[in-house]
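A quick write-up on the structure given underneath.
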Amino acid sequence: MFKQQKKATATMPIDLPLTIETANGALRRSFSGEQIGQLRRMITDLLVDQRLPTRIGFTAALRGEGVSFITLASAVTLAHDTGKHICAVELNWLAPGMLHNLNPPPPVSGKRRRREPAPPPPPVPDLPGIAEILRGQATIDEALLATNHTGLWLLPAGVVTLEQRPLLARSSELRTLLDRLGERFDHILLDLPAILQTSDTLALAALADAYALVVRHGVTPITEIRQALSDIEHVPVLGVILNQARIATPRWIHRLIPQE
């Protein structure tokens with residue numbers, strides 16, 4: 001009896017996956033239980049220590065580190081676990097990735113021939129966002145995307161020209177807009193551009209109470225990480241999130257490592 005119970009417990013997943021889906025079902029993204037579990041531990045530590053800010057910025061030293069992915073995964077974890085009202089706000093007009101992360105390529109069933117190209121991802125819908133609100137072309141309610149989680153909302157960046165980016169990033173209107181969002185949501189998660197990619201990040205990071213630096217495992221050079229941390233030292237740092245980490249441990253050794 002004891003052996004049967006032990007075997008059943010060992011096969012149970014530690015954390016279940018979570019999914020974000022917009023109210024109309026057009027955009028959807030699932031996060032694995034392992035990804036959710038790692039972020040859940042980080043968020044829980046901050047909650048227990050009462051160090052979870054109202055506005056949390058997510059950024060990276062370089063582009064392509066997975067900031068939008070981490071922002072969305074953190075938002076759905078926080079909304080699911082706390083029941084609070086959460087808004088993930090995209091402020092990366094240089095390389096917006098929120099909607100693209102919610103619109104991944106369709107899964108491929110079966111084996112394809114080597115020369116057969118992968119099917120293209122479905123087009124990302126043209127939705128209003130922060131930029132359109134600031135230009136008076138949309139209201140907050142028109143731009144907010146409701147999700148399958150009652151307390152979770154998304155606010156994409158919108159479309160901004162190259163000339164408009166520096167002005168919007170440093171505008172008092174943007175700060176006022178975030179203050180208005182702060183009246184409606186318990187926590188605001190800011191998806192910021194890469195620090196070393198544009199000076200706009202220095203201004204945008206100042207809008208957060210604190211930030212987390214996303215580092216892609218085995219890719220981001222340590223010199224760039226140090227430079228990024230130095231560039232935004234005016235904002236408190238919560239920590240570093242190691243993204244896409246791979247531990248090359250043989251299976252027979254991994255079985256000997258306690259999993260608790």
Side-chain angles (χ1 to χ4, degrees), residues 15-33 35-36 39-40 43 54-58 66-109 118-161 164 168 173-174 177-193 204 214:
D15 293 279
L16 295 176
L18 292 178
T19 298
I20 295 180
E21 182 176 325
T22 56
N24 59 5
L27 300 173
R28 189 176 187 273
R29 182 63 183 252
S30 294
F31 304 92
S32 70
Q35 294 165 339
I36 295 299
L39 290 172
R40 177 171 285 147
I43 293 172
T54 300
R55 294 186 196 172
I56 309 170
F58 292 85
V67 173
S68 295
F69 180 91
I70 295 296
T71 303
L72 290 171
S74 300
V76 69
T77 302
L78 187 58
H80 177 272
D81 291 0
T82 65
K84 295 183 177 181
H85 290 82
I86 311 298
C87 185
V89 178
E90 183 179 38
L91 295 179
N92 189 353
W93 293 298
L94 187 60
M98 177 179 289
L99 298 183
H100 288 280
N101 268 277
L102 289 175
N103 199 14
V108 179
S109 59
V124 175
D126 185 16
L127 300 172
I130 285 280
E132 285 72 24
I133 297 175
L134 295 178
R135 290 197 296 261
Q137 298 171 338
T139 65
I140 293 179
D141 290 325
E142 289 172 342
L144 282 171
L145 295 177
T147 71
N148 54 322
H149 298 271
T150 305
L152 177 59
W153 297 74
L154 310 177
L155 185 55
V159 179
V160 176
T161 63
Q164 293 172 331
L168 289 185
E173 289 81 5
L174 177 57
L177 174 57
L178 292 178
D179 290 339
R180 292 172 60 190
L181 290 173
E183 298 172 357
R184 302 175 58 167
F185 297 96
D186 299 302
H187 294 281
I188 300 174
L189 278 57
L190 305 178
D191 179 354
L192 305 175
L204 293 171
V214 179

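Remember, it's a predicted structure, so these values are computed and weren't measured experimentally.
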- Task: Using a 4.5 Å cut-off on heavy atoms from C-beta on, say whether the side chain of Phe69 contacts that of Arg29.
- Result: yes

- How many angstroms lie between CG in Leu190 and CG in Asn92, if you round to the nearest 0.5 Å? 11.5 Å

- Note on the structure: Rounded to the nearest 0.5 angstrom, the CG-CZ distance for Leu189 and Phe58 is 4.5 Å

- Item | Nearest heavy atoms of Leu145 and Leu27, plus distance in Å | CD1-CD1, 4.5 Å

- Query: Passes side-chain contact (heavy atoms from CB on, under 4.5 Å), Arg55 versus Asp179? Steps please.
  - Reply: CA-CA 10 Å; Arg55 294 186 196 172; Asp179 290 339; 2.4 Å; yes

- For Leu174 and Leu168, what are the C-alpha separation, side-chain angles and deciding distance, and is it a side-chain contact (heavy atoms from CB on, under 4.5 Å)? CA-CA 7 Å; Leu174 177 57; Leu168 289 185; 5.8 Å; no

- Using atom types as modelled and distance alone, determine if a side-chain donor or acceptor of Glu90 lies under 3.5 Å from a backbone N or O of Asp191. no

- Query: Can you tell if the side chain of Leu134 reaches within under 4.5 Å of the side chain of Leu177, non-hydrogen atoms only?
  - Reply: yes

Compile the donor-acceptor pairs under 3.5 Å between side chains in residues 72-79 and protein atoms, sequence neighbours left out, one pair per line.
residue, atom, partner, partner atom, Å
Ser74, OG, Ile70, O, 2.8
Thr77, OG1, Ala73, O, 2.7

- Beyond-backbone contact of Val159 with Trp93, side-chain heavy atoms, under 4.5 angstrom: no

- At what distance, to the nearest 0.5 angstrom, does NE2 of His80 lie from CD1 of Ile36? 9.0 Å

- Task: Kindly state each residue pair satisfying salt bridge (charged side-chain N to carboxylate O under 4.0 Å, His left out) with at least one member in residues 130-153, sequence neighbours excluded.
- Result: Glu132-Arg135, Asp141-Arg184

- Which salt bridge (charged side-chain N to carboxylate O under 4.0 Å, His left out) pairs, counting each pair once, include a residue from residues 77-87, with sequence neighbours left out? Arg40-Asp81

- Residues which pass side chain to side chain contact (heavy atoms under 4.5 Å, CB included) with Asp126, listed by chain and number, not counting sequence neighbours: none

Review item, side-chain donor-acceptor pairs of residues 147-156, under 3.5 Å, at least two apart:
residue, atom, partner, partner atom, Å
Thr147, OG1, His149, N, 3.1
Thr147, OG1, His149, O, 3.2
Thr147, OG1, Leu152, O, 2.8
Asn148, OD1, Glu21, N, 2.8
Asn148, ND2, Thr19, O, 3.1
His149, NE2, Thr19, O, 2.8

- Using modelled atom types only, decide if a donor and an acceptor are shared between the side chain of Asn101 and the backbone of Gly97 within a distance under 3.5 Å. yes

- What are the two closest non-hydrogen atoms of Gly57 and Leu192, and how far apart are they? CA-CD1, 4.1 Å

- Residue pair Leu99 / Pro125: nearest heavy atoms and the distance that separates them: CD1-O, 3.9 Å

- Nearest atoms (heavy-atom pairs only) where Ala138 meets Pro128: CB-CB, 3.9 Å

- Message: Tell me every residue that passes salt bridge (charged side-chain N to carboxylate O under 4.0 Å, His left out) with Arg180, counting only those two or more places apart in sequence or in another chain.
- Response: none

- Side chains of Thr161 and Gln164: does their closest heavy-atom pair fall under 4.5 Å? yes

- Would you name the heavy atoms of Asp186 and Thr54 that are closest together and state the gap between them? O-CG2, 3.5 Å

- Given Arg28 and Ile20, is the side-chain contact (heavy atoms from CB on, under 4.5 Å) satisfied, shown in steps? CA-CA 6 Å; Arg28 189 176 187 273; Ile20 295 180; over 6 Å; no

- Task: Please examine the side chains of Leu144 and Cys87, heavy atoms only from C-beta on, and report whether any two atoms are closer than 4.5 Å.
- Result: yes

